[in-house]
There are 2 protein chains.
Amino acid sequence: MVETRKALKLLREQGYRITTPRRQVLGILAEAQRPLSPYEIQDMLKEKGEYLNHVTIYRVLELLCSLNLAHKVLLAGGFVICSLGESRGCHRFVVCRECGRLKEYASEALCAEETEMAEQLGFRAEQHFSEFSGVCATCQK
Amino acid sequence: MVETRKALKLLREQGYRITTPRRQVLGILAEAQRPLSPYEIQDMLKEKGEYLNHVTIYRVLELLCSLNLAHKVLLAGGFVICSLGESRGCHRFVVCRECGRLKEYASEALCAEETEMAEQLGFRAEQHFSEFSGVCATCQK
DNA sequence: GTATTAGTGCAATAATATTGCATTTGTACC
DNA sequence: GGTACAAATGCAATATTATTGCACTAATAC
């Protein structure tokens, strides 16, 4: 998972402003060990005595996803922060069915194979991701 | 993509009833060349002069997904019918960003690699899927 | 054909997402 | 540090998507 600082740096480099809401959302996502929905993010901020309109949260998440700094996880119905290394548009996750915790991993080999497959099917490849549902080590006990 | 008949057969084998709504939803999904949301399915049925309550559609889709006969595509926000061959819980799609059309493909190699990766991370593997966003041959022109 | 119960429809409600516009705030520049 | 400008946020309204409990219907086994 990426450091908030690095994400903010990337925002600036892309010409986006560093605003309080963006700091807050990144902060919450960075703390969480699991995918969070926009309203969950709002709730977690409330616990800290902070407030953000949900519309703002949606817009921040949209921006972060477009920059590959965050990703929406289908299996979990929430958003996670992504590691900068994979910011080229390739994200791979294993999600625990029980507790929702997830791990991101990378694989050049898988990425290359999938891209080749897409091209064979006539597609000009852009982004891809993979999700794996299972039960994590902790929950197996 | 799977034939409706085969899907119905599998339903029966699993002890589920063959009902009109299930036939209808499977029929619509089989016709469509792209992912459909529950309400889109409802609209397409209306065009045929048929009616299904959206709750029913949600429940049918939930069942189909649990049996790996359908899958929810994150990139497209809709459901597609899946080929029976991959009914073990491994689904791979390429989705066109422009027109929404998608292709399902299979790869034993990718499947094995991903499973191994999940196990290395301490997960007992269950289901997985991969989505690839790109631009299809038709839309590239 | 009839009984049983899975499955559906309905109504109400909850949760999630989007839009336009007024207001605020971050940044560049002085 | 102050100011101008545009980007970003908040608000209100609304749209879309999803869920629940319960009464009713219809698929299957016999």
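Numbered from 1 within each chain, the chains take letters A, B, ... in sequence-line order. Just so it is clear, the model here is predicted, and its values are computed rather than measured.
- Comparing C:dC10, C:dT16, C:dT27 by their nearest atom to the side chain of A:Tyr39 picks out C:dT16.
- Contacts of B:Tyr16 with the nucleic acid, taken as non-hydrogen atoms under 4.0 Å apart, involve only primed sugar atoms and P, OP1 or OP2.
- When the P atom of C:dG26 is taken as reference, atom CG of A:Leu8 falls 13 Å away, rounded to whole Å.
- Evaluated for a side chain to side chain donor-acceptor pair (under 3.5 Å) with B:Arg92, the options B:Glu131, B:Glu104, B:Glu114 yield exactly one hit, B:Glu114.
- No more than 12 heavy-atom neighbours from other residues, nucleotides or ligands sit within 6.0 angstrom of CD on B:Glu62.
- Of the side-chain N and O atoms in A:Lys72, one or more sit less than 4.0 angstrom from OP1 or OP2 of C:dA17.
- In this structure, A:Leu61 atom CG and C:dA17 atom P are separated by 10 Å, rounded to whole Å.
- Residue B:Thr19 has no polar side-chain atom (N or O) positioned under 4.0 Å from OP1 or OP2 of C:dA6.
- The nearest whole Å value for the distance from the CG atom in A:Asn53 to the P atom in C:dT24 is 15 Å.
- Both B:Arg12 and B:Val55 lie close to DNA chain D; mapped to their nearest nucleotides by heavy-atom distance, the more 5′-ward contact belongs to B:Val55.
- Checking C:dA17, D:dT19, D:dT20 against every side-chain atom of B:His54, the shortest atom distance belongs to D:dT19.
- Contact check, B:Tyr58 against C:dG7: no side-chain N or O comes under 4.0 Å of OP1 or OP2.
- Residue side chain A:Arg17 reaches the base of D:dA6 through a donor-acceptor N/O pair under 3.5 Å, judged by distance alone.
- Remark: C1' of D:dC22 and CZ of B:Arg59 are 11 Å apart, rounded to the nearest angstrom.
- Taking atom CD on A:Glu62 and atom P on C:dT16, their separation rounds to 18 Å, with Å as the unit.
- Counting non-hydrogen atoms under 4.0 angstrom, B:Arg22 reaches the backbone sugars and phosphates but no base.
- We find that CD1 of A:Ile57 is positioned 12 Å from P of C:dT16, with the value rounded to whole Å.
- Rounded to an integer number of Å, the gap from CD of A:Gln42 to P of C:dA17 is 13 Å.
- No option in A:Leu61, A:Thr4, A:Val80 other than A:Leu61 meets the side-chain contact (heavy atoms from CB on, under 4.5 Å) test with A:Leu29.
- What separates CG of B:Leu74 from P of C:dT16 is a distance of 15 Å, to the nearest Å.
- In terms of phosphate contacts, B:Thr56 brings no side-chain nitrogen or oxygen within less than 4.0 Å of OP1 or OP2 of C:dG7.
- Ring geometry for A:His71 versus A:Phe93: interplanar angle under 30°, hence parallel rather than tilted (30 to 60°).
- Contact annotation for B:Ser37: no contact, since no heavy-atom pair falls under 4.0 Å across all strands.
- Between A:His54 and A:Tyr39, the angle of the ring planes stays under 30°, which puts this pair in the parallel group of the 30/60° scheme.
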